[in-house]
Participant: 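Before we start, here is the structure in question, set down as structure tokens.
All of these numbers come straight from a predicted model, not from anything done at the bench.
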Amino acid sequence: MTSTVFSASVFQNEFLPEGTTEVNAVVTVTAAGGDGGVAVSDVEKIVLLIVDVSTSMEQPRTKINAARKAAAAACEAMPDGVLFGIVAGGDHAAQAYPPGGETSLARADDQTRAEAAAVARSLPTGGGTEISKWLDLAREIVEPYEGAIRLAYLLTDGENNDNDRNEFPRAIARATGVFQCDARGVGESWRVSELRQITSALLGEVEVISDPSAMEADFLDFLDQAIGKTVADVKLRMWAPKGSTVRFVRQVAPTIDDLTPKAQPVDALTNTYPTGAWSGDESRDYHVCVDVPVGNVGDEKLAARVSLLVGADAVSQGLVRAVWTDDTALSTRINAQVAHYTGQAELAQVIQEGLQARKDGDIDTATIKLGRAVQLAAESGNDGTLRVLRGVVDVEDEASGTIRVKRDAGKLAEMELDTRSTRTVQVKRATPAPEGN
């Protein structure tokens, strides 16, 4: 039986100048194989492929042909024992596999893999795009499997229909906490903001597939990552003392995702924040910010206690402290982890603001914002974001952020930058202060 060992470490500068109330820290959560950890051998895994089969997928037909081929390849690669299915999405949602009319899943073996692949290769098309119905059907299919790792992959090529605008956020809310969902948009007629609504709530990632020929590799990459998940339910639990306020809890690596609105109250002082399924070998960073009652010089307070829960069990703990001092050498010291992720959050923000200014025709503001993005990406070593920034701007000097906005940059380049904006690079590790746990 294999096991996964989780640990949580806190990085911060606990020293505050007199009169200051804001405490910041980065909590690094690491999962690794080892003895004495969480047993993972009996975790059920579910993979659901949600494929857009609306009429627009035939314009051109290379899109639907590539989607059929990619879904078939994913079905053929499904490991033995995994529960899986296919949802076909248009202005209605239908369970394409397994067939029979009732919501169900198939267990992967030679027979079901072949059957599913055959269904995938002949998915029919028609109708519009009402994603709320796709999400609702997916939820109905996987909801009975409590305790399982429930992962979905949603592919679309277009915007949601106008008549689904109101139901769309409700369907996302209904699916939240039931399954995780990655989303992919093919071509340039879909909206990044719509798919990001899904992935932010359902703890997934959104990406653009610019060329239909890349679909198969992306489907298979998703499947590989899905099968690598070994622990179903990991949460951060954060306690802050009476009089203190948790300003935010954000995942900051490998992607930026605000967990604050996902808080689940435990009691008046404690909330839990879902982080989804984990593999047995990964690390994620979280930026927490707490407002505490002001202290006097020499006072020391516990600003927060962050616990890591796997299922119902607390497996690790870190402490966030506040110590008031009149020593400016201590209070002005910048913690490298906090500074790094503050910069990465700013990077995501200025990219969004720069893209919006560009769309609005405000080239001066776009130049300022995207120039700052180039500077931040270069400083932090975020080469992936710097690469896609170059699709939208001509870079004259990375260090100063001197750029010229490309007026002829295509929509796909903008969309790729938009989806990439929340991806971060992890800071180089330092040794955390002892936590006393």
Side-chain angles (χ1 to χ4, degrees), residues 41-54 64 67-127 129-156 167 170-184 198 201-204 219-220 222-230 232-233 276-277:
S41 59
D42 299 325
V43 179
E44 191 85 88
K45 294 177 184 177
I46 294 171
V47 175
L48 194 61
L49 305 178
I50 307 171
V51 182
D52 185 345
V53 295
S54 62
I64 188 60
R68 290 166 175 156
K69 182 172 181 286
C75 291
E76 289 173 335
M78 204 70 61
D80 284 347
V82 172
L83 291 167
F84 75 108
I86 305 172
V87 168
D91 47 20
H92 294 84
Q95 181 174 288
Y97 188 82
E102 295 184 3
T103 57
S104 61
L105 292 164
R107 194 170 295 279
D109 57 28
D110 288 342
Q111 178 179 339
T112 58
R113 280 190 287 266
E115 291 173 350
V119 168
R121 292 190 185 95
S122 59
L123 287 170
T125 58
T129 304
E130 296 193 23
I131 299 177
S132 69
K133 294 177 180 177
W134 311 359
L135 295 175
D136 278 339
L137 179 56
R139 173 181 51 81
E140 291 171 14
I141 291 172
V142 305
E143 200 164 27
Y145 299 89
E146 292 187 16
I149 296 174
R150 300 176 286 194
L151 305 174
Y153 176 102
L154 184 151
L155 174 77
T156 185
E167 199 58 35
R170 298 188 185 117
I172 293 173
R174 289 190 289 268
T176 299
V178 179
F179 64 96
Q180 292 181 235
C181 187
D182 277 14
R184 301 291 187 266
I198 297 171
L202 305 188
L203 302 174
F219 268 69
L220 293 174
F222 164 79
L223 179 60
D224 184 59
Q225 293 187 44
I227 299 307
K229 302 296 184 186
T230 56
D233 184 22

Participant: Sequence neighbours excluded, which residues qualify as side-chain contact (heavy atoms from CB on, under 4.5 Å) partners of Q225?
Facilitator: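 So Q225 forms a side-chain contact (heavy atoms from CB on, under 4.5 Å) with D221.
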Participant: Contact between L49 and C75 at the side-chain level, heavy atoms closer than 4.5 Å - yes or no?
Facilitator: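 Yes; the side chains approach each other to less than 4.5 Å.
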Participant: Less than 4.5 Å apart, any side-chain heavy atom of I141 and any of L137?
Facilitator: yes
Participant: Once side chain to side chain donor-acceptor pair (under 3.5 Å) is applied, what residue pairs with a partner in residues 87-96 remain, sequence neighbours excluded?
Facilitator: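 Counting only pairs at least two positions apart or across chains, the side chain to side chain donor-acceptor pair (under 3.5 Å) contacts touching residues 87-96 are Q95-S104.
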Participant: Looking at A120 and A72, what are the two nearest heavy atoms and their distance?
Facilitator: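 Answer, listing the atom of A120 first, then A72: CB-N, 3.6 Å.
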Participant: If the condition is side-chain contact (heavy atoms from CB on, under 4.5 Å), which residues does V119 pass it with, not counting sequence neighbours?
Facilitator: A96, Y97, L123
Participant: Can you name the side chain to side chain donor-acceptor pair (under 3.5 Å) partners of D182, sequence neighbours left out?
Facilitator: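 Applying side chain to side chain donor-acceptor pair (under 3.5 Å) to D182 gives none.
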Participant: Minimum heavy-atom separation for L203 to G276, with atom names?
Facilitator: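 Closest approach of L203 to G276, heavy atoms only: CD1-N, 3.5 Å.
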Participant: Once rounded to the nearest 0.5 Å, what's the spacing between atom CG of L135 and atom CD1 of I198?
Facilitator: 5.0 Å
Participant: Can you measure from CD1 (I50) to OH (Y153) and round to the nearest 0.5 angstrom?
Facilitator: 11.5 Å
Participant: Can you tell me which residue pairs pass the ring pair (Phe, Tyr, Trp, His ring centres under 6.0 Å) test with a partner in residues 99-125, sequence neighbours excluded?
Facilitator: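 Non-adjacent pairs meeting ring pair (Phe, Tyr, Trp, His ring centres under 6.0 Å): zero.
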Participant: From L151 CG over to F222 CZ, what is the distance, rounded to the nearest 0.5 angstrom?
Facilitator: 5.5 Å
Participant: Sorted by first residue and then second, give each salt bridge (Lys or Arg N to Asp or Glu O under 4.0 Å) pair with at least one member in residues 97-114; sequence neighbours left out.
Facilitator: E44-R107, D80-R113, D110-R113
Participant: Distance check, rounded to the nearest 0.5 Å: D52 atom CG versus I64 atom CD1?
Facilitator: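 Reported to 0.5 Å precision, the distance equals 7.5 Å.
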Participant: Tell me, please, which residues at least two apart from A277 pass side-chain contact (heavy atoms from CB on, under 4.5 Å).
Facilitator: I149, Q180, K229
Participant: Applying side chain to side chain donor-acceptor pair (under 3.5 Å), name anything that partners E76, two or more places apart in sequence or on another chain.
Facilitator: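 If we apply the side chain to side chain donor-acceptor pair (under 3.5 Å) test to E76, skipping adjacent residues, the hits are R121.
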Participant: Going from CG on D233 to CZ on R150, what distance comes out if it is rounded to the nearest 0.5 angstrom?
Facilitator: 9.5 Å
Participant: Who are the side-chain contact (heavy atoms from CB on, under 4.5 Å) partners of A118, not counting sequence neighbours?
Facilitator: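 A118 satisfies side-chain contact (heavy atoms from CB on, under 4.5 Å) with no residue once adjacent residues are dropped.
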Participant: Calculate, to the nearest 0.5 Å, the distance between atoms CZ and CD1 belonging to F84 and I46 respectively.
Facilitator: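 Here the rounded value is 12.5 Å.
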Participant: Taking all non-hydrogen atoms of both residues, which atom of I86 and which atom of A116 are closest, and how far apart?
Facilitator: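 Smallest interatomic distance, heavy atoms only, reads CD1-O, 3.8 Å.
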Participant: Side-chain contact test, heavy atoms from C-beta onward, threshold under 4.5 Å: evaluate it for L83 versus Y145 and give yes or no.
Facilitator: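 Counting from C-beta outward, L83 and Y145 do come under 4.5 Å.
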Participant: I'd like to check the side chain to side chain donor-acceptor pair (under 3.5 Å) partners of R184; sequence neighbours left out, ordered by chain and number.
Facilitator: D218
Participant: Between A77 and L220, what is the shortest heavy-atom contact and its length?
Facilitator: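 Closest approach of A77 to L220: CB-CD2, 3.9 Å.
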Participant: Compare every heavy atom of C181 with every heavy atom of L154, then report the nearest pair and how far apart it is.
Facilitator: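 For L154 versus C181, the nearest heavy atoms are CB-SG, 3.9 Å.
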Participant: Over all heavy atoms of both residues, which pair between G90 and V53 is shortest? Give the atoms and the distance, please.
Facilitator: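 Heavy-atom minimum between the residues: N-CG2, 4.4 Å.
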Participant: Just by modelled atom types, is the A88 backbone N or O under 3.5 Å from a matching donor or acceptor in the W134 side chain?
Facilitator: no
Participant: Sequence neighbours left out, what passes side chain to side chain donor-acceptor pair (under 3.5 Å) with D136? Give chain and number order.
Facilitator: R139, R174
